[in-house]
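None of the values given here were measured: they were computed from a predicted structure.
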Amino acid sequence: MKNVIIFLLFILYATFIFFIESATLLLSILLFNILAMVIFRVRLIDAIENIIKILPFIILTVIINCILANYQYAILVAIKLMLVCNITYIYSKTITVKGIANTIKHLCMPLKLLKINLDDIELLVCISLSMIPILKTEYGQLKEACLAKGMEMNVRNMKPILTKLMISIMKRVNEIEESMIEKGYGEV
């Protein structure tokens with residue numbers, strides 16, 4: 001239940017940031033984020049690297065807001081985006097896959113009235129979130145293999161690349177299925 005409360009507070013906090021118009025209040029939120037990083041032992045370098053990864057998206061947002069509104073509003077939106085992405089990064093570093101799955105299970109409690117098995121939902125979330133790093137690794141290996149063969153990663157070559165990636169995903173899914181069957185999951 002603690003994870004559910006933390007998750008709901010995180011959602012409220014992230015939403016609240018977008019309604020702030022005061023630069024002073026945004027500065028206090030930045031200080032709060034830094035304090036949260038210290039409390040949860042999140043490295044500042046890692047948080048900065050995370051912001052750098054999403055910088056193209058933020059720059060695109062600034063450009064669009066400069067065109068549609070004005071530069072002051074665009075900068076304000078960019079600051080808000082960076083703060084929300086920062087607190088999201090902090091949250092992601094402080095919770096495990098099992099914790100997220102357990103949180104979603106508790107949030108789906110009303111589905112129990114419809115006789116939906118919440119343990120199945122928890123398991124599906126765990127498997128889904130655990131697959132993300134695997135897919136990232138598979139894609140990286142596939143990209144390296146293509147570059148070693150002299151293939152460029154462009155739109156023309158996407159069909160064979162995506163085909164190989166899908167085959168790799170299906171193999172992983174079969175491994176997970178076999179593992180679950182061997183462990184007796186779902187048997188009555």
Side-chain angles (χ1 to χ4, degrees), residues 1-58 60-62 65 73-137 169 172-173 176-177 179-180 183-188:
M1 195 65 180
K2 178 182 125 185
N3 285 341
V4 173
I5 293 169
I6 291 171
F7 176 75
L8 292 175
L9 287 174
F10 159 71
I11 295 294
L12 287 173
Y13 179 73
T15 305
F16 172 72
I17 290 173
F18 284 108
F19 289 103
I20 296 174
E21 297 297 325
S22 165
T24 309
L25 199 51
L26 285 175
L27 181 62
S28 64
I29 286 183
L30 173 64
L31 293 174
F32 179 80
N33 282 7
I34 292 171
L35 179 66
M37 287 172 38
V38 169
I39 290 170
F40 295 115
R41 294 185 180 103
V42 176
R43 291 182 37 203
L44 180 64
I45 303 292
D46 294 340
I48 292 171
E49 286 175 0
N50 183 57
I51 294 293
I52 290 171
K53 287 179 188 175
I54 60 165
L55 208 53
F57 168 73
I58 293 173
L60 177 66
T61 306
V62 168
N65 280 302
Y73 179 75
I75 292 171
L76 188 65
V77 169
I79 292 169
K80 290 176 184 181
L81 279 173
M82 283 192 255
L83 288 171
V84 168
C85 290
N86 180 256
I87 197 65
T88 303
Y89 180 75
I90 294 167
Y91 179 74
S92 72
K93 288 297 181 184
T94 59
I95 192 162
T96 63
V97 170
K98 179 71 175 157
I100 292 171
N102 193 17
T103 300
I104 291 174
K105 175 184 172 182
H106 282 89
L107 288 172
C108 293
M109 209 54 91
L111 294 176
K112 215 171 191 176
L113 297 172
L114 301 173
K115 307 243 188 284
I116 295 176
N117 188 350
L118 298 181
D119 292 330
D120 288 345
I121 291 174
E122 182 179 25
L123 181 65
L124 289 172
V125 170
C126 267
I127 291 171
S128 300
L129 292 176
S130 297
M131 283 294 287
I132 294 171
I134 293 169
L135 293 176
K136 186 177 177 183
T137 302
I169 290 170
R172 292 288 185 167
V173 168
I176 291 171
E177 178 190 17
S179 172
M180 290 176 68
K183 291 177 181 176
Y185 182 79
E187 292 180 4
V188 180

Could you walk me through whether E21 and L26 pass the side chain to side chain contact (heavy atoms under 4.5 Å, CB included) test, one step at a time? CA-CA 8 Å; E21 297 297 325; L26 285 175; over 6 Å; no
Is there a side-chain contact between [X] and [Y] in this structure, where contact means two heavy atoms from C-beta onward sitting under 4.5 Å apart?
X    : Y    : result
L44  : I48  : yes
T61  : L81  : yes
K80  : L83  : no
L35  : L31  : no
I104 : F7   : no
N3   : H106 : no
K93  : M37  : no
M82  : I51  : yes

Do F16 and L12 pass the side chain to side chain contact (heavy atoms under 4.5 Å, CB included) test, and can you show the C-alpha distance, the side-chain angles, and the key distance before you say yes or no? CA-CA 6 Å; F16 172 72; L12 287 173; over 6 Å; no
Nearest 0.5 Å please: distance from the CG atom of L118 over to the CG atom of L107.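 Rounded to the nearest 0.5 Å, the CG-CG separation comes out at 10.5 Å.
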Donor + acceptor pair across side chains of Y13, N33 (<3.5 Å):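 Distance-only check passes for Y13 and N33.
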Using a strict 4.0 Å threshold on nitrogen-to-oxygen distance, state whether E49 and R43 make a salt bridge.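 No, no charged N to carboxylate O under 4.0 Å.
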Steps toward side chain to side chain contact (heavy atoms under 4.5 Å, CB included) verdict (I5, K2): CA-CA 5 Å; I5 293 169; K2 178 182 125 185; 5.9 Å; no
Does the plane of the ring in F10 sit parallel, tilted or perpendicular to the ring in Y91? Use 30° and 60° as the thresholds.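 F10 vs Y91 ring planes: parallel.
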